[in-house]
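Worksheet: the structure to be examined is printed underneath.
Note: hydrogens, waters and symmetry copies are ignored here, and every other heavy atom, side chains too, is used.
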Amino acid sequence: MGGEKNTARETVEEEPLSPCSRLFNSPDFNCAIIVIMGCKVKGNATAIIDGLKHTLVNHPRFSSILEMNNGKKGKPSWVRTEVRVEDHVIVPDIDPNIEHPDQYLEDYISKLTTVPMDLSKPLWEIHLLCLKTSNAESIGLLRIHHSLGDGMSLMSLFLACTRKTSDPEALPTVSVQKKQFGPSSYTGFFNKIWWLFVGLWFILRLVFNTFVDVFMFALTICFLRDTETPLLAKPGTELIPKRFVHRIISFDDVKLVKNAMKLTVNDVLLGVTQAGLSRYLNRRYDQEAAPKSKELMRKIRLRSAIMINLRPNTGIEALADMMAKKSKCRWGNLFGYILLPFSVGLETDPLEYVRRAKVTVDRKKHSLEAVFSMAFFKLILKVLGLKASVVLVRKVIHNTTLTFSNVVGPKEEITFHGHPLSYIAPSVFGHPHALTVHFQSYENKVIISVTADPTIIPDPHKMCDDFVESLKLIKSSVLERGLYEIEV
C-alpha cells in the first residue's frame with residue numbers, strides 16, 4: 001500500500017520535459033522570454049506578491065523546479081515544490097532622481113540577459129523598478145525561461161493574471177480571428193461542384209507549397225545561408241548582452257491600412273517591417289560607402305525563422321479557472337519552424353511593401369512546413385539525441401537573419417495586481433539571432449519591440465524610428481489615393 005501511495009505521489013509531482021523544453025534547456029540554446037510592463041502607478045511589491053500567490057504560483061510549471069538528471073529513470077523532469085513568492089519578486093534600490101531613466105532601464109534589462117536563472121527554484125521572476133520613464137510611472141520586468149512554455153501560451157497565462165481596469169472582476173478581451181471558408185451564395189448541386197473544385201485546388205497548392213518549403217528548409221539546414229548584410233549575426237551572438245528598445249504606434253493607423261487594402265493586421269505589420277528594414281539597410285550602406293551592396297538590395301536573401309505554435313491555444317478563461325481551482329489544463333511547448341522570406345529594397349510606392357507581405361503570408365498559410373519541421377526535429381531528437389537536434393535548430397537560426405512575431409493583446413486597459421498598464425513589450429533572448437522584432441497590440445496601440453545585438457546593430461533606436469516612419473508613409477499613401485473613406 002505504501003509503495004502504491006508513493007508511486008501515485010510521484011505521478012502527481014513529476015512530469016517529464018517535452019522535447020521542446022529539453023531543447024530550450026540545452027546549454028547551446030538557453031532561451032528566455034522577457035515581458036516589459038509599463039505601469040501607470042508607482043510599483044507596489046506587496047500587492048504583486050499577494051496577487052501572484054493566488055494566480056501564477058498555482059500553475060504547475062510555475063511551482064516546479066527543473067531536475068535535469070534526478071527525475072524518473074534519470075530523465076529531465078518538472079518536480080513540484082513549495083514556492084516562496086518573495087524570492088521571485090526583486091525590487092532593486094534605485095535613486096528616484098536618477099538622470100536618463102530610459103537609458104537606465106535599457107542598461108538594466110541588458111545586464112539581466114547575462115544573469116543565468118537559478119535552477120534551485122521555479123524558472124521565473126519579476127523585477128519591479130520604481131523608475132519613472134517616458135511612458136510609465138514604474139516598470140515591471142517578467143522574466144520566464146522558455147522551457148516553461150511557448151510564447152503564445154505564456155502570453156495567455158500572463159493575461160489570465162490580469163483584469164480589466166474598468167471591471168476588476170473581468171478578464172481581458174482578446175480578439176479572435178474568425179475564419180470564413182468560401183462563398184455562401186452557392187446552394188445545391190452547384191455548391192457541391194464549387195467545393196469540389198476548391199478542395200482539389202487547395203490540396204494541390206498545399207502539396208506543392210509544402211514540398212517547396214520543406215526542400216528549402218532542408219537546404220537551409222545543409223548550407224543555404226542568408227545574404228551577408230549588416231543585420232546577419234556572427235558566431236556567439238547569443239552570448240552577447242542584447243539591447244531592448246521599443247516604440248508605440250497607433251493601432252487605428254494599422255487598421256486604417258488593413259481596411260483600405262483588405263488585408264490582415266499581420267500583413268500590414270509585416271509590410272511595415274519590410275519597409276523599415278529597407279530604410280535601415282539603405283542608410284547603413286550609405287554610411288559604409290557600399291553603393292554596390294545598395295544596388296543589389298532587391299536580390300538580398302533575408303529570412304526570418306518563425307516558431308509556429310501547433311498546440312491549440314488554451315484560452316485565458318481556462319487558465320484563470322485552472323489557477324483559481326489549482327486544477328490542470330493542456331500546457332507545454334509544441335511548435336514547428338517556418339522560414340519567412342522578407343522583401344527588401346527601396347520602393348517608390350510605399351504600398352508595395354504591404355502588397356508583397358500579403359502575397360508571402362497567403363502562400364505560407366497554404367503550407368505544412370511547420371508540421372513537417374516539428375516532426376523532423378522530434379525524430380532527430382529520438383534517434384540521434386538532444387545534441388544533434390540542437391545543432392540542427394541552431395543551423396536553421398544561424399543561416400537566417402531575424403526572429404519576427406506578432407501577438408494579439410487585450411482590447412482594453414488591463415491591471416496587473418493593482419497596477420494599470422500603459423504598455424506591454426515582450427521579447428525573447430538567448431537564441432543566435434542578432435535581431436528580434438516583435439509586435440504586441442494593446443488597447444488602441446501597437447508596441448514595436450526590437451531586441452538587438454549592439455555589436456551588429458549599434459543603433460536599434462534608429463531602426464525603431466524607421467518602422468514608425470514607414471507606417472506613416474504607408475498610411476499617407478493610402479489617404480492620398482483615397483483608398484480609405486473617413487467616416488463622418
Item to check | Arg205 side chain vs Ser367 backbone, donor-acceptor pair below 3.5 Å | outcome: no
Item to check | Modelled atom types, side-chain donor and acceptor of Asp150 and Ser153, under 3.5 Å | outcome: yes
Item to check | Salt-bridge contact Arg279-Asp465 (side-chain N to carboxylate O under 4.0 Å) | outcome: no
Checklist entry - Hey, does the side chain of Ser110 reach the backbone of Glu106 with a donor-acceptor pair shorter than 3.5 angstrom? => result no
Next on the checklist: Assess whether a salt bridge exists between Asp253 and Lys472, defined as any Lys/Arg side-chain N lying under 4.0 Å from an Asp/Glu carboxylate O.
Outcome noted: no
Item to check | Flag if over 12 foreign heavy atoms under 6.0 Å of CZ, Phe372 | outcome: no
Checklist entry - Between Ile424, Leu171, Thr173, which is the residue that forms a side chain to side chain contact (heavy atoms under 4.5 Å, CB included) with Ile414? => result Ile424
Checklist entry - With a cut-off of 6.0 Å (strictly less than), are more than 12 heavy atoms of other residues, nucleotides or ligands near NZ of Lys445? => result yes
Checklist entry - So, Thr162 side chain and Thr415 main chain: donor-acceptor pair closer than 3.5 Å or not? => result no
Item to check | Shortest non-hydrogen contact from Val408 toward Gln440 | outcome: C-NE2, 3.9 Å
Item to check | Non-neighbouring partners of Tyr353 that pass ring pair (Phe, Tyr, Trp, His ring centres under 6.0 Å), sequence neighbours left out | outcome: none
Next on the checklist: Test your reading of the model: is there a side-chain donor-acceptor pair from Asn282 to the backbone of Ser278, 3.5 Å cut-off?
Outcome noted: no
Checklist entry - Does Leu339 offer a backbone N or O that forms a donor-acceptor pair with the side chain of Glu369 under 3.5 Å? => result yes
Next on the checklist: Check this for me, if you would: do Asp213 and Lys364 make a salt bridge, where the nitrogen-to-carboxylate-oxygen distance has to be below 4.0 angstrom?
Outcome noted: yes
Item to check | Under 3.5 Å donor-acceptor, Thr400 side chain and Arg303 backbone | outcome: no
Checklist entry - Going by the angle between their ring planes, with limits at 30° and 60°, are His146 and Phe24 parallel, tilted or perpendicular? => result parallel
Next on the checklist: Can you confirm whether Lys387 is buried at NZ, in the sense that more than 12 heavy atoms of other residues, nucleotides or ligands lie under 6.0 Å from that atom?
Outcome noted: no
Item to check | Parallel, tilted or perpendicular, as decided by the 30° and 60° cut-offs, for the rings of Phe215 and Phe211 | outcome: parallel
Checklist entry - Counting distance only, does the side-chain N/O of Trp78 pair as donor-acceptor with the main-chain N or O of Glu15 below 3.5 Å? => result no
Item to check | Flag if over 12 foreign heavy atoms under 6.0 Å of NZ, Lys258 | outcome: yes
Checklist entry - Just by distance, with hydrogens left out, do Ser427 and Thr436 show a side-chain donor and acceptor under 3.5 Å apart? => result no
Item to check | Shortest non-hydrogen contact between Arg298 and Leu346, atoms and distance | outcome: NH2-O, 2.7 Å
Next on the checklist: Using only atom types and a distance under 3.5 Å, with no angle test, would you say the side chain of Asn444 pairs donor to acceptor with the backbone of Phe251?
Outcome noted: no
Checklist entry - Would Glu125 and Leu112 count as a side chain to side chain contact (heavy atoms under 4.5 Å, CB included) if you check the C-alpha gap in whole Å, the side-chain angles of each, and the deciding distance to 0.1 Å? => result CA-CA 11 Å; Glu125 60 190 25; Leu112 189 62; 3.9 Å; yes
Checklist entry - In this structure, which one of Val407, Thr273, Ile447 forms a side chain to side chain contact (heavy atoms under 4.5 Å, CB included) with Phe439? => result Thr273
Checklist entry - Which heavy-atom pair separates Val450 from Phe467 by the least distance, and what is that distance? => result CG2-CE1, 3.8 Å
Next on the checklist: Once rounded to the nearest 0.5 Å, what's the spacing between atom OG1 of Thr403 and atom CD1 of Ile397?
Outcome noted: 6.0 Å
Item to check | From CE (Met307) to NE2 (His431), nearest 0.5 Å | outcome: 8.5 Å
Checklist entry - What do the steps show when you test His438 against Phe404 for ring pair (Phe, Tyr, Trp, His ring centres under 6.0 Å), and what is the final call? => result CA-CA 6 Å; His438 180 88; Phe404 175 84; 8.7 Å; no
Item to check | Within-4.5 Å side-chain heavy-atom neighbours: Arg143 and Trp124 | outcome: no
Item to check | Stepwise ring pair (Phe, Tyr, Trp, His ring centres under 6.0 Å) check, Phe416 with Phe158 | outcome: CA-CA 9 Å; Phe416 181 74; Phe158 166 73; 5.6 Å; yes
Checklist entry - Roughly how far, to the nearest 0.5 Å, is the CD1 atom of Ile380 from the CZ atom of Phe377? => result 8.5 Å
Checklist entry - Rounded to the nearest 0.5 Å, how far does SG of Cys161 lie from NE2 of His59? => result 9.5 Å
Checklist entry - Short question: side chain of Thr210, backbone of Leu368 - any donor-acceptor pair under 3.5 Å? => result yes
Next on the checklist: With side-chain hydrogen bond (donor to acceptor under 3.5 Å, both in side chains) as the criterion, how do Asn135 and Thr133 come out once you've worked through the C-alpha distance, each side chain's angles and the decisive distance to 0.1 Å?
Outcome noted: CA-CA 6 Å; Asn135 299 308; Thr133 63; 5.9 Å; no
Item to check | Gap between atom CZ of Arg355 and atom OG1 of Thr360 - 0.5 Å precision | outcome: 14.0 Å
Checklist entry - Where is the tightest heavy-atom contact between Leu154 and Gly149, given as atom of each residue plus distance? => result CD1-O, 3.3 Å
Item to check | Expected output: side-chain Ser21 to main-chain Leu17 donor-acceptor under 3.5 Å | outcome: no
Item to check | Asp349 bridged to Arg481 by N-O distance under 4.0 Å | outcome: yes
Checklist entry - What's the spacing between Leu159 CG and Tyr442 OH if we round to 0.5 Å? => result 9.5 Å
Checklist entry - What's the verdict on ring pair (Phe, Tyr, Trp, His ring centres under 6.0 Å) for Tyr423 and His246, showing C-alpha distance, side-chain angles and the deciding distance? => result CA-CA 10 Å; Tyr423 70 87; His246 70 270; 4.6 Å; yes
Next on the checklist: Can a side-chain donor-acceptor contact be found between Thr401 and Asp226 if the only test is distance below 3.5 angstrom?
Outcome noted: yes
